Amino acid sequence: MTMRKRTLITALIFIAISSLFTISLYGQQGKKPVIGISSTWGEGVATSVPLTYVESVIRAGGVPVVLPLTQDTALISNMLDRIDGLIMTGGEDLDPLRWYGEEPVQALGQLAPERDSFDIALVRMAISRGLPVLGICRGHQLLNVAFGGTLYQDIPSQIKSSNINHNQKAPRYHGTHSIQIEKGSLLHKQTGLEKVSVNSYHHQAVKDIASGFRITARSPDGVVEAIEKIGSTKIYGVQFHPEGFTANGIDTFLGIFQHLINEAAHRTK
Ligand code: MN
């Protein structure tokens with residue numbers, strides 16, 4: 001073999017190894033779990049998500065994507081093909097008559113029928129595929145309702161014994177009431193805490209828990225603040241807004257998002 005040939009072969013081997021190395025590095029980056037975020041209805045003219053959810057997914061190591069509102073279930077199925085985990089976000093009241101057979105009370109808030117249809121289809125299809133799902137506020141109530149549970153339509157008028165303001169005036173990164181967390185629950189593992197102060201922006205709450213789910217946190221007035229699916233590590237909801245803290249650099253609840261991303265990461269392997 002001539003010197004020139006030997007140099008050529010060495011160079012080729014070098015290129016082959018270095019490109020393999022580059023491909024594997026690229027592959028690692030490509031494995032970051034993709035987290036779909038359910039979007040708001042925006043009165044029928046916009047479909048968007050608050051940046052706090054986006055920031056929280058990024059901070060926890062995931063790739064956020066906005067899932068635009070649609071009534072096309074085949075399209076929803078196609079969206080679900082491309083994500084590894086799902087966050088159901090906060091928003092309007094769920095229609096009580098339509099989803100849990102209760103006449104609306106006077107204090108019922110704004111409804112968004114199109115969003116209800118999208119959200120219910122999205123969450124049911126995601127769970128039937130085995131995707132990890134985190135429900136926040138409306139998303140947490142939605143998990144309960146989608147699996148046969150019911151809601152208090154309005155805490156102030158329906159839970160007279162409550163002396164807690166669940167609709168705080170303080171900023172989103174500030175907790176205003178405490179919750180007691182069930183030992184050994186997902187939320188306990190995610191936060192490492194049994195008692196913590198949370199923010200509160202809701203006037204509805206879980207009433208009858210859906211079968212197959214359990215309550216994992218309550219505020220001192222008994223209002224349900226967290227649920228999870230029994231026997232699952234990847235379906236859970238919180239009534240408060242952890243993203244309000246996480247997006248503002250406060251890490252108390254970052255574990256709630258990291259858990260979702262870890263569960264989602266199993267699907268990218
Ligand atoms: Mn609350």
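Numbering of ligands and ligand atoms starts at 1, following listing order. Everything numeric here is computed off the predicted structure, so don't read it as measured data.
The angle that His166 ND1 and His177 NE2 make at the Mn ion (ligand 1), rounded to 10°, works out to 90°.
Residues Gln180 and Glu225 have side chains that never bring a donor and an acceptor to within less than 3.5 angstrom of each other.
Under a 3.5 Å cut-off, the side chain of Ser38 and the backbone N or O of Thr89 do form a donor-acceptor pair.
Coordination check, Ser200 versus the Mn ion (ligand 1): passed, since an N/O/S atom of the residue sits under 2.8 Å.
Taking a 6.0 Å sphere around CD of Gln106, one finds it holds 12 or fewer heavy atoms contributed by other residues, nucleotides or ligands.
Side chains of Met125 and Met79 form no contact here, defined as non-hydrogen atoms less than 4.5 Å apart.
Among the heteroatoms counted here (N, O or S) of Glu225, OE2 is the one nearest to the Mn ion (ligand 1). Here the N, O or S atom of His202 that is nearest to the Mn ion (ligand 1) is NE2.
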